Amino acid sequence: MSLIGQQITVVGAGIGGLAAARALALRGASVTVLEQAPEIREVGAGLQISPNGARVLFALGLGDALTAAAIRAEAVSLRDYREGREVLRLDLGRLPAPMRYLFLHRADLISVLEAGVRELGVRIETGRRVIRSDSEGLHFETGEVHRAAVIVAADGVHSKLRETVLGPSSPSFTGQVAWRAIVPNRWNVPPIARVHMGPGQHVVSYPLGNRDALNIVAVQERSEWAAEGWDHADDPENLRRAFATFGGEMAEILGSVEDTRLWGLFRHRVAPRWHDGRIVLLGDAAHPTLPFLAQGANLAIEDAWVLAASLAASDTPAAGFAIYEHRRKQRAHRVIKAASSNAWKYHLRFPPLRFAAHTGLRIAGRLAPD
Ligand code: FAD
């Protein structure tokens with residue numbers, strides 16, 4: 001099916017929605033993006049873009065803008081919690097473009113994507129909260145209706161459109177909560193993703209491209225429930241109390257936190273079906289993942305590429321949706337499983353890591369040659 005002139009509506013101007021809008025518009029579609037927020041913005045947090053995601057962003061023609069907004073990661077380093085001693089290092093070497101591993105602020109990636117869709121003439125309508133969809137079209141809370149032949153539901157983990165396709169679902173609490181914070185990088189931490197691992201808890205930190213800041217996500221196992229949305233303010237003292245056994249530089253870094261958000265981590269099922277009639281699910285709307293492998297945004301970006309290619313190679317939208325689901329579903333399941341098992345490793349339940357953390361053994365690996 002040629003996408004030239006094909007009207008496509010994307011719901012959600014997050015990472016997945018904007019990447020899909022760019023991928024579809026590059027193939028000639030006439031794309032409208034509907035976003036509930038009054039303006040396009042992102043929460044203050046960092047993002048790791050791994051080579052799979054970077055490769056797609058380069059293929060979408062955003063390589064230069066991405067490179068300017070991000071810094072290149074040198075390694076992933078697993079450390080013990082008491083002194084911050086390195087126990088395992090995955091050297092990222094000099095990965096050739098476009099296979100880059102990058103750190104950046106989420107708002108900076110959104111800016112790159114937004115500029116990338118606007119330059120192709122994609123229409124973005126903000127303050128447009130979709131509440132449901134039926135044969136008439138997409139219904140807004142204002143009572144207005146938007147008619148669309150093809151709808152990409154990129155409306156995130158609490159997707160209204162997923163409910164339309166599958167009915168309501170009930171996520172389950174994982175028994176883990178997470179704090180996030182951004183602090184000035186007073187320690188000149190190099191571009192390395194550092195995971196400080198302790199019993200039942202871990203802290204991930206890395207510097208943010210162009211911002212002289214450190215992004216922190218601290219995860220703790222806990223039986224009590226905490227709210228799922230990830231923008232609930234919390235007292236930094238609660239974070240410091242929870243990680244009081246973490247020593248070395250990490251203790252200083254946590255000591256510098258002045259503003260933090262706490263949220264509960266919930267497990268959602270991968271959607272058993274990804275499309276229905278005119279609607280197709282993409283990104284977190286189809287396959288929300290836990291943040292332990294830094295792959296949710298990367299998967300959404302991959303989805304965007306595969307969806308556009310699948311539609312372009314099919315005679316009808318329904319056939320394109322089916323190819324897309326077939327190409328993506330197993331991969332999403334695999335990545336989500338790997339992400340879930342990382343918490344277990346980072347919390348020192350994986351015997352080789354526990355042994356290394358307690359004995360000072362150091363393991364090294366390399367992802368790419370220099
Ligand atoms: P979202 O980014 O959630 O975007 C959804 C958009 O839809 C939003 O703009 C929203 O306002 C809009 N919307 C929602 N409902 C409606 C509606 N009814 N009508 C209109 N608009 C609507 N992933 C990585 O790859 N690397 C990382 O390093 C990483 N770190 C993470 C750290 C944390 C702490 C967390 C929580 C997640 C992390 N992720 C990471 C996961 C990643 O953030 C998500 O997987 C990704 O943002 C999903 O993109 P999306 O476009 O599907 O959804």
Side-chain angles (χ1 to χ4, degrees), residues 9-21 32-54 56-57 70 73 76 101-107 109-110 113-114 124-133 138-142 146 151-164 176-182 193 204-206 208 215-219 228-231 260-266 268 271 281-304 332 335-336 339:
T9 298
V10 176
V11 179
I15 294 164
L18 291 174
T32 301
V33 179
L34 306 173
E35 166 58 42
Q36 64 176 0
E39 58 186 302
I40 296 189
R41 61 187 155 79
E42 256 298 341
V43 294
L47 204 58
Q48 301 181 55
I49 293 297
S50 46
N52 50 324
V56 173
L57 293 169
V76 177
Y101 200 116
L102 303 163
F103 301 142
L104 78 171
H105 196 285
R106 299 173 74 95
L109 178 58
I110 287 290
L113 290 166
E114 185 186 353
I124 302 180
E125 298 180 17
T126 52
R128 301 288 256 163
R129 183 169 154 71
V130 173
I131 52 168
R132 70 189 165 84
S133 154
L138 294 168
H139 293 253
F140 298 112
E141 50 191 357
T142 54
H146 172 98
I151 299 165
V152 180
D155 51 343
V157 62
H158 300 295
S159 169
K160 281 279 168 220
L161 291 172
R162 174 174 161 144
E163 250 179 69
T164 298
Q176 289 155 337
V177 296
W179 286 263
R180 66 181 169 83
I182 292 183
V204 178
S205 62
Y206 54 87
L208 292 178
N215 186 67
I216 303 167
V217 177
V219 177
E228 184 178 18
W230 52 309
D231 218 10
T260 187
R261 300 283 188 273
L262 170 71
W263 81 104
L265 297 174
F266 281 69
H268 297 249
L281 307 178
L282 179 142
D284 277 6
H287 47 69
T289 172
L290 293 167
F292 306 137
L293 197 60
Q295 281 300 308
N298 286 293
L299 283 178
I301 292 166
E302 287 182 8
D303 284 351
V335 172
I336 288 167

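When a ligand or atom number is given, it counts from 1 through the structure's own listing order. Bear in mind that the values here come from a model prediction, so they are computed numbers and not experimental data.
Among Gly283, Gly16, Ser133, the residue whose heavy atom lies closest to atom 49 (O) of ligand 1 is Gly16. When the options Ile15, Thr126, Val335, Leu282 are ranked by their closest heavy atom to atom 2 (O) of ligand 1, first place goes to Ile15. Atom 30 (N) of ligand 1 has its nearest heavy-atom neighbour, among Ile131, Leu18, Leu47, in Leu47. Of the listed options Arg106, Arg132, Gln36, Gln36 places a heavy atom closest to atom 20 (C) of ligand 1. If you check each of Ala193, Ala19, Gly156 against atom 3 (O) of ligand 1, the one with the closest non-hydrogen atom is Gly156.
When atom types are taken as modelled, the side chain of Asn215 and the backbone of Ala45 share no donor-acceptor pair closer than 3.5 angstrom. Between the side chain of Ser50 and the backbone N or O of Tyr101, no donor-acceptor pair lies under 3.5 Å. When atom types are taken as modelled, the side chain of Tyr206 and the backbone of Leu104 share no donor-acceptor pair closer than 3.5 angstrom. Side chain of Gln48 to main chain of Ala294: no donor-acceptor pair is present (N/O by atom type, distance under 3.5 Å, no hydrogens or angles). Between the Arg162 side chain and the Ala285 main chain, a donor and an acceptor come within less than 3.5 Å of each other.
Remark: ligand 1 and Arg180 share no N or O pair separated by less than 3.5 Å (distance only, no angle test). The shortest N or O to N or O distance between Ala297 and ligand 1 is under 3.5 Å. Considering backbone and side-chain N/O of Lys160, none are found under 3.5 Å from N/O of ligand 1. Below 3.5 Å of separation, one finds no N or O of Ala285 facing any N or O of ligand 1. Residue-to-ligand polar distances place Val130 within reach of ligand 1: an N/O pair is separated by less than 3.5 Å. Among the atoms of Ala300, none of the N or O lies under 3.5 angstrom from an N or O of ligand 1. The N/O atoms of Gln48, backbone and side chain alike, include one that comes under 3.5 Å of an N/O atom in ligand 1.
Across all their heavy atoms, Gly296 and Thr289 have their closest contact at CA-CG2, 3.4 Å. For the residue pair Ile15 and Ala297, the shortest heavy atom distance occurs at CD1-CB, 3.9 Å.
In this structure, the salt bridge (charged side-chain N to carboxylate O under 4.0 Å, His left out) partners of Glu302, at least two apart in sequence or on a different chain, are Arg328, Arg331. When the side-chain contact (heavy atoms from CB on, under 4.5 Å) test is applied to Thr164, the partners found at least two apart in sequence or on another chain are Ser133, Leu161, Ile279.
With ligand atoms numbered from 1 in the order given, ligand 1 contributes 19 (N), 20 (C) to contacts under 4.0 Å with heavy atoms of Val11. Annotation for ligand 1: atoms under 4.0 Å from non-hydrogen atoms of Gly12 are 6 (C), 7 (O), 12 (C). Which parts of ligand 1 touch Gly296 is read off a 4.0 Å heavy-atom cut-off, strictly below it: atoms 23 (N), 24 (C), 25 (O), 41 (C), 44 (C), 45 (O). Every atom of ligand 1 is numbered from 1 in the order shown, and the set under 4.0 Å from a heavy atom of Trp263 is 34 (C), 36 (C).
Using a 4.0 Å cut-off between heavy atoms, Ala154 contacts ligand 1 through its backbone alone, with no side-chain atom that close. With a 4.0 Å heavy-atom cut-off, ligand 1 is reached by no atom of Thr289. With a heavy-atom cut-off of 4.0 Å, Arg128 touches ligand 1 through its backbone alone.
Between Asp155 and Gln36, the side chains place no donor N or O within less than 3.5 Å of an acceptor N or O (distance only, hydrogens not considered). Between the side chains of Thr32 and Glu125, no donor-acceptor pair is found at a separation under 3.5 Å.
In this structure, Val56 and Asn298 have side chains that are not in contact, with every pair of non-hydrogen atoms separated by 4.5 Å or more.
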